[in-house]
Amino acid sequence: EKVRGAMITGMTMTFTTVGALAVMLIIAISPVITQFAAVLFIGLLVDTATTWLMNVGMTLWYLERKP
């Protein structure tokens, strides 16, 4: 249940950030800001995948083997 709560919180934060970056990409006038937002967006996607594929598995493994 704690993993589910953490997942809901993490996904809420991720979707909020994705929304902010999408707005930044749409209304940005400067190419520098557009590139900055694109790099942040790609980093966020990679971070989310890494977090849920690696960290959750390792945490569950640790909690299951803990007496």
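Here the structure is a predicted model, which is why all the values come from computation and not from measurement.
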If you look only at distance, which donor and acceptor atoms sit under 3.5 Å apart when one is on a side chain in residues 6-19 and the other is two or more places apart or in another chain?
{"unit_1": "Thr9", "atom_1": "OG1", "unit_2": "Gly5", "atom_2": "O", "d": "3.0"}
{"unit_1": "Thr12", "atom_1": "OG1", "unit_2": "Ile8", "atom_2": "O", "d": "2.8"}
{"unit_1": "Thr14", "atom_1": "OG1", "unit_2": "Gly10", "atom_2": "O", "d": "2.8"}
{"unit_1": "Thr16", "atom_1": "OG1", "unit_2": "Thr12", "atom_2": "O", "d": "2.7"}
{"unit_1": "Thr17", "atom_1": "OG1", "unit_2": "Met13", "atom_2": "O", "d": "2.9"}

Heavy atoms from other residues, nucleotides or ligands near CG of Leu63 exceed 12 (cutoff 6.0 Å): yes
Chi angles and distances behind the side-chain contact (heavy atoms from CB on, under 4.5 Å) call for Arg65, Trp61: CA-CA 6 Å; Arg65 85 179 241 281; Trp61 171 77; 3.6 Å; yes
Indicate every side-chain donor-acceptor pair of residues 30-45 with a distance under 3.5 Å to a residue at least two apart or in another chain.
{"unit_1": "Ser30", "atom_1": "OG", "unit_2": "Val32", "atom_2": "N", "d": "3.2"}
{"unit_1": "Thr34", "atom_1": "OG1", "unit_2": "Ser30", "atom_2": "O", "d": "3.2"}

